[in-house]
**Q** 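Please read through the structure below; I'll follow up with questions.
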Protein chains: 2
Amino acid sequence: MRRNISESTVRRLSFYLRILEKVEAVGIDTLSSEKLAQRTGTTAAQVRKDLSLFGSFGKRGLGYAIPQLASELREILGLDRTWRVALVGGGRIGSALFEYSGFRKRGFEIVAVLDADSSKVGQRWGKVVLSDIADLEKVLTAESVDIVILTIPAESVPDVLDRVVAVGVRGILNYAPVQLRVPGDVTVKDVNMVLELEALSFALSQTKGE
Amino acid sequence: MRRNISESTVRRLSFYLRILEKVEAVGIDTLSSEKLAQRTGTTAAQVRKDLSLFGSFGKRGLGYAIPQLASELREILGLDRTWRVALVGGGRIGSALFEYSGFRKRGFEIVAVLDADSSKVGQRWGKVVLSDIADLEKVLTAESVDIVILTIPAESVPDVLDRVVAVGVRGILNYAPVQLRVPGDVTVKDVNMVLELEALSFALSQTKGE
DNA sequence: TCCATTTTGTGAACTAATTCACAAGGGTCT
DNA sequence: AGACCCTTGTGAATTAGTTCACAAAATGGA
């Protein structure tokens with residue numbers, strides 16, 4: 001049933017869930033596709049289409065029961081569990097991500113931080129002690145890591161990536177500005193902080209010219 | 001000529017430019033769409049289609065002249081100039097972004113940092129002195145800011161956003177997890193650090209179940 | 001010069017994603 | 001119960017994006 005779900009659909013499901021949780025807190029218990037669409041910047045038809053890919057969660061004439069739909073979405077998105085995350089790279093980006101509370105709130109728990117700089121190894125970050133990247137295999141296995149966030153320099157990526165994949169990690173969030181080559185059963189999401197600014201730059205240049 | 005350029009196309013143009021600059025450094029002076037496609041994870045036809053939206057930059061039988069194409073792409077993307085950027089919000093994310101060198105390399109110069117916390121106002125970050133967010137209009141105008149990066153808490157967004165737009169800024173990079181409502185001539189790009197992890201979570205949950 | 005080879009630029013074909021539009025179900029009021 | 005709203009779920013139509021496929025350059029070698 002769940003084939004060919006587009007990235008855009010998944011992104012919107014996340015938005016829906018976020019709004020549902022916000023609205024639930026206010027005490028409303030039902031929401032129409034129209035309302036949900038308004039709050040997430042899409043159309044009612046799109047909301048219904050997205051949800052219909054996974055089942056029939058609404059009541060005609062009424063809308064969607066908020067707690068139920070939220071729970072369905074959490075299950076669909078795999079957010080009904082805790083994901084064990086390792087941060088590989090303890091530099092500026094790494095430490096900002098570590099301190100960012102939004103991950104934990106959604107069930108992504110950073111259980112290990114690794115760095116190549118031996119002067120950093122042994123530092124305590126909250127509950128986590130920084131490990132040497134040389135011990136990557138040991139740490140990822142011992143901590144049962146599901147997802148790795150790569151915030152290392154581009155030149156270290158190929159070696160580290162191979163080792164991460166070899167140890168069985170199948171989800172990678174990549175902050176390094178390189179094209180990652182991985183086996184088919186490994187999922188990579190790239191985050192590129194400059195890319196969005198470049199898209200802005202493009203948009204601003206376009207409108208200015210006309 | 002430049003109507004209806006999709007977001008995917010713009011993203012790929014950025015990739016192309018990145019590869020061209022990397023390859024240029026090595027001393028190669030020409031590149032085929034096939035090679036460019038391999039290095040950016042797309043197809044040769046896609047590369048040619050993307051470029052053809054803006055003109056004919058290649059030579060049949062030969063490929064694309066690297067410095068020329070790079071220069072064209074910089075112009076298309078608006079990267080043939082410096083963009084003056086203000087960081088609104090000097091918390092963890094804000095300071096990580098400030099210290100990230102990738103922005104400056106691409107011509108995005110952070111010329112102001114604003115924060116609501118009066119104990120932070122007056123701090124020196126490199127060449128920049130933190131301003132009070134109360135002086136937002138004054139600072140953005142004085143510094144001729146083109147683009148604002150919002151790294152403030154969700155609840156402060158509506159007020160700050162209105163003021164940013166009112167002062168004439170037309171490009172906004174938003175790190176706050178809220179849907180921004182802006183006039184049509186203002187471009188907003190949302191960056192959501194949790195979203196990508198959620199997409200990973202979805203992908204991992206899917207494959208695991210089958 | 002002519003032939004073989006390479007690679008672009010681009011209509012046409014195809015595939016994916018979004019929007020339309022409406023029957024069917026569910027609720028409420030009288 | 002019947003009339004009247006609402007709102008879902010979903011095929012069909014539309015729009016957007018990608019891939020195919022090939023004529024039209026451009027080069028190099030005989």
**Q** Could you tell me if the side chain of B:L51 sits less than 4.5 Å from the side chain of B:L13, heavy atoms only?
**A**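 Yes, their side chains come closer than 4.5 Å.
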
**Q** Is any side-chain N or O of A:R48 closer than 4.0 Å to OP1 or OP2 of D:dT8?
**A**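 Indeed, a polar side-chain atom of A:R48 lies that close.
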
**Q** What is the separation between atom CG on A:D50 and atom P on C:dT19, rounded to the nearest whole Å?
**A**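 After rounding, the reported distance stands at 10 Å.
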
**Q** Need the bend value for the helix from C:dT1-D:dA30 to C:dT30-D:dA1: angle between end axes, 5 pairs each end, nearest 10°.
**A**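 Inter-axis angle at the ends, rounded: 10°.
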
**Q** Rounded to whole angstroms, how far apart are CD on B:E34 and C1' on C:dT5?
**A**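 To the nearest whole Å, that distance equals 16 Å.
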
**Q** Looking at A:E7, I want to see if its CD is surrounded by more than 12 non-hydrogen atoms of other residues, nucleotides or ligands under 6.0 Å.
**A**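 Open.
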
**Q** Can you find a pair of side-chain heavy atoms, one from A:D29 and one from A:Q68, that are under 4.5 Å apart?
**A**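 A side-chain contact is absent here, since even the closest heavy-atom pair is not under 4.5 Å.
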
**Q** State whether B:S8 places a side-chain N or O below 4.0 Å from either non-bridging phosphate oxygen (OP1 or OP2) of D:dG17.
**A**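 For D:dG17, neither OP1 nor OP2 has a side-chain N or O of B:S8 closer than 4.0 Å.
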
**Q** Between D:dT18 and B:R12, is there an OP1 or OP2 to side-chain N/O distance shorter than 4.0 Å?
**A**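 Checking B:R12 against D:dT18: at least one side-chain N or O falls below 4.0 Å of OP1 or OP2.
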
**Q** Is any side-chain heavy atom of A:V145 less than 4.5 Å from a side-chain heavy atom of A:V85?
**A**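 SC-SC contact between A:V145 and A:V85 ruled out.
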
**Q** When you check the phosphate oxygens OP1 and OP2 of C:dA17, does a side-chain N or O of A:Q46 lie under 4.0 Å from one of them?
**A**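 So the side-chain polar atoms of A:Q46 never come under 4.0 Å of the phosphate oxygens OP1 or OP2 of C:dA17.
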
**Q** Do the side chains of A:N174 and A:N192 get nearer than 4.5 Å, heavy atoms only?
**A**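 Counting from C-beta outward, A:N192 and A:N174 never come under 4.5 Å.
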
**Q** What's the CG-P distance between B:L53 and C:dG9, to the nearest Å?
**A**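 Distance check: B:L53 CG to C:dG9 P gives 12 Å.
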
**Q** Is there side-chain contact between B:R12 and B:L36, with at least one heavy-atom pair below 4.5 Å?
**A**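 No, side chains not in contact.
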
**Q** Does B:Y64 put a side-chain nitrogen or oxygen below 4.0 Å from OP1 or OP2 of D:dA26?
**A**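 No, B:Y64 has no side-chain N/O under 4.0 Å of OP1/OP2 on D:dA26.
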
**Q** Does any non-hydrogen side-chain atom of B:I152 lie less than 4.5 Å from one of B:V160?
**A**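 A side-chain contact exists here, since the closest heavy-atom pair is under 4.5 Å.
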
**Q** Can you tell me which residue among B:K105, B:K189, B:R74, B:R106 is in a salt bridge (Lys or Arg N to Asp or Glu O under 4.0 Å) with A:E198?
**A**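 Going through the options one by one, the only one that passes is B:R106.
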
**Q** Check the pair B:L97, A:M193 against side-chain contact (heavy atoms from CB on, under 4.5 Å), reporting the backbone distance first and the verdict last.
**A** CA-CA 9 Å; B:L97 292 178; A:M193 309 202 295; 3.9 Å; yes

**Q** Please state how far atom CG in B:L36 lies from atom C1' in C:dT6, giving the value in whole angstrom units.
**A**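 Between C1' of C:dT6 and CG of B:L36: 17 Å.
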
**Q** Would you compute the distance between atom CD of A:E109 and atom CD1 of A:I147 and round it to the nearest 0.5 angstrom?
**A**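 It is 12.5 Å, given to the nearest 0.5 Å.
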
**Q** Where along residues 26-33 of chain A does a heavy atom fall under 4.0 Å from DNA chain D?
**A**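 Contacting residues: A:S32, A:S33.
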
**Q** Does A:S6 or B:K49 map to a spot on DNA chain C nearer the 5' end, using the closest nucleotide for each?
**A**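 Nearest-nucleotide comparison on DNA chain C picks B:K49.
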
**Q** Where does the angle between the aromatic ring planes of B:F202 and A:F54 fall among parallel (under 30°), tilted (30 to 60°) and perpendicular (over 60°)?
**A**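 Because their plane-to-plane angle is over 60°, the rings of B:F202 and A:F54 count as perpendicular.
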
**Q** To the nearest angstrom, how far is B:L69 atom CG from C:dT7 atom C1'?
**A**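 Rounded to whole Å, this separation is 14 Å.
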
**Q** At under 4.0 Å between heavy atoms, how does the protein contact nucleotides 25-30 of chain C? Give one character per nucleotide, 5' to 3', with B, S or -.
**A** BSS---

